[in-house]
Visitor: 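The structure is given below, and queries will be raised subsequently.
Because the structure is predicted, anything quoted here is derived from the model rather than measured.
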Amino acid sequence: MAEKTIPILPCPTLQPVLDFYTALGFEVTFRQKSPNPYAVVERGGIELQFFGLKQYDPASSISTCYVVTDDVDGLYEAFRTGLKAAYGRIPTRGLPRIGALKDMSYGVRQFLMTDPGGNCVRIGQPISDDPHHRPAPEETFARALHHAALFADSKDDPAGAAKILDRVLALVDERPTTAQLLRLLVLRADVAGRLGDEGTAAKALAEAGAAAGRLTPKERASAGDELDRLEELRG
């Protein structure tokens with residue numbers, strides 16, 4: 001037996017969604033206008049289907065699906081390149097947007113992207129045979145990053161992530177390493193942008209840029225994901 005699961009996702013109108021996926025390298029393989037708006041996009045082994053629903057509100061959407069790949073870094077780079085070519089920048093906030101690529105505490109390396117219809121597509125590659133959440137680290141700043149990342153991405157709660165980050169960044173009796181500070185500030189800027197808090201986002205980006213300039217070569221090599229995200233957020 002051979003089975004295949006295909007997500008069918010809503011959107012108010014099809015064209016902005018199809019334009020988005022075309023920019024990512026997908027091909028529109030089917031489209032109809034009646035009796036109801038419907039379309040299919042495909043890229044390699046990924047197939048997504050969409051239906052039009054005029055009263056649907058993308059900003060309130062909770063629809064999502066997961067794509068498992070064996071080359072998450074390659075897809076991430078290809079998608080970023082396509083989005084920059086189509087939009088003139090890599091969209092990091094609002095709709096559509098693409099999130100950061102990162103190693104999660106439940107054994108996957110993944111990124112999230114949200115299309116103009118408000119559908120969140122999670123794309124990940126397993127990096128462990130154990131899908132369970134790892135225990136939070138004991139060290140103060142690693143622990144804060146662990147929980148803030150879960151709030152920002154897994155729970156889609158940027159406000160909750162911001163509270164965790166603000167609390168740990170305000171500590172005076174403990175200070176993070178330069179690499180930890182960079183990671184904290186990049187994530188703080190990211191969630192601030194998603195919350196529409198431009199002042200906090202700008203401040204965090206400036207401080208993250210200063211921290212990046214103080215990284216040792218070894219720290220810079222280990223912080224590649226955060227440095228890439230910093231450049232995207234600045235753009």
Side-chain angles (χ1 to χ4, degrees), residues 3-7 9 24 43-48 61-80 90 92-93 96-115 118-169 176-177 179-195 219 221-230 232-233:
E3 289 81 24
K4 181 178 180 179
T5 299
I6 301 172
L9 304 169
L24 298 178
R43 186 187 194 279
I46 307 172
E47 180 176 339
L48 304 173
S61 174
I62 58 172
S63 62
T64 187
C65 68
Y66 204 98
V67 174
V68 179
T69 177
D70 60 3
D71 185 18
V72 70
D73 286 81
L75 277 181
Y76 188 62
E77 185 59 34
F79 288 177
R80 290 162 67 208
I90 298 173
T92 60
R93 62 188 69 178
R97 65 177 180 269
I98 187 168
L101 176 64
K102 60 182 71 175
D103 295 340
M104 303 304 294
S105 64
Y106 39 89
V108 297
R109 180 166 172 77
Q110 73 173 21
F111 65 96
L112 280 59
M113 65 180 187
T114 306
D115 67 28
N119 303 296
C120 178
V121 181
R122 300 167 181 260
I123 301 177
Q125 179 175 352
I127 54 177
S128 169
D129 292 332
D130 182 3
H132 296 91
H133 281 276
R134 309 297 186 268
E138 293 297 328
E139 194 275 330
T140 300
F141 301 101
R143 187 179 184 86
L145 281 165
H146 172 93
H147 288 301
L150 291 178
F151 270 79
D153 296 323
S154 296
K155 294 185 177 182
D156 194 21
D157 182 3
K163 290 180 181 178
I164 294 170
L165 294 167
D166 286 343
R167 183 165 57 248
V168 76
L169 286 168
T177 66
Q180 286 176 327
L181 180 61
L182 172 69
R183 292 185 174 96
L184 291 164
L185 289 169
V186 168
L187 184 53
R188 186 64 183 93
D190 206 334
V191 297
R194 288 165 58 182
L195 292 167
E219 289 173 329
S222 69
D225 290 342
E226 287 76 19
L227 291 170
D228 287 344
R229 188 60 173 172
L230 174 60
E232 290 174 2
L233 295 171

Visitor: Say whether, by atom type as modelled, one donor and one acceptor occur between the side chain of R229 and the main chain of K102 under 3.5 angstrom.
Guide: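 Between the backbone of K102 and the side chain of R229 there is no qualifying donor-acceptor contact (under 3.5 Å).
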
Visitor: If I take atom CD1 from residue I98 and atom CD1 from residue I123, how far apart are they, to the nearest 0.5 angstrom?
Guide: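 Spacing of CD1 (I98) from CD1 (I123) equals 7.0 Å.
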
Visitor: Quick one: are F111 and R80 in side-chain contact, heavy atoms under 4.5 Å?
Guide: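 Answer no - side chains too far apart.
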
Visitor: Holding to side-chain contact (heavy atoms from CB on, under 4.5 Å), I want the full list of residues that pass it with E219, two or more places apart in sequence or in another chain.
Guide: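 Residues passing side-chain contact (heavy atoms from CB on, under 4.5 Å) with E219: T178, A179, L215, T216.
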
Visitor: Taking only Lys NZ, Arg NE, NH1 and NH2, and the carboxylate oxygens of Asp or Glu, determine whether D103 and R134 approach each other closer than 4.0 Å.
Guide: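 Between R134 and D103 there is no salt bridge, as every charged N stays at least 4.0 Å from the carboxylate O atoms.
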
Visitor: Tell me if a side-chain donor or acceptor on R143 pairs with a main-chain N or O of P137 at a distance below 3.5 Å.
Guide: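 Yes.
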
Visitor: Less than 4.5 Å apart, side chain to side chain, heavy atoms only: is that true for V121 and F79?
Guide: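 No, every pair of side-chain atoms sits at 4.5 Å or beyond.
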
Visitor: Please confirm whether the backbone N or O of R183 pairs with a side-chain atom of E226, one donor and one acceptor, at under 3.5 Å?
Guide: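 Not at all, since once roles are kept as given, no pair shorter than 3.5 Å links the two residues.
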
Visitor: Can you list everything that forms a salt bridge (charged side-chain N to carboxylate O under 4.0 Å, His left out) with D157? Sequence neighbours excluded, please.
Guide: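 Partners of D157 by the salt bridge (charged side-chain N to carboxylate O under 4.0 Å, His left out) criterion come out as none, since no residue qualifies.
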
Visitor: With a 4.5 Å cut-off on side-chain heavy atoms, are L150 and S105 touching?
Guide: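 S105 reaches L150 side chain to side chain.
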
Visitor: Do the side chains of L181 and L169 get nearer than 4.5 Å, heavy atoms only?
Guide: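 When only atoms from C-beta onward are counted, L181 and L169 do touch, with a gap below 4.5 Å.
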
Visitor: Quick check: does any side chain N or O of T114 sit under 3.5 Å from a backbone N or O of R97, one acting as donor and the other as acceptor?
Guide: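 No; judged by distance alone, with no hydrogens or angles, the pair does not exist.
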
Visitor: Does R122 pair with D153 as a salt bridge, N-O distance under 4.0 Å?
Guide: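 Salt bridge between R122 and D153, a charged N being under 4.0 Å from a carboxylate O: no.
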
Visitor: Report the residues that fulfil salt bridge (charged side-chain N to carboxylate O under 4.0 Å, His left out) with D166, sequence neighbours left out, ordered by chain and then residue number.
Guide: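 Expected list: R188.
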
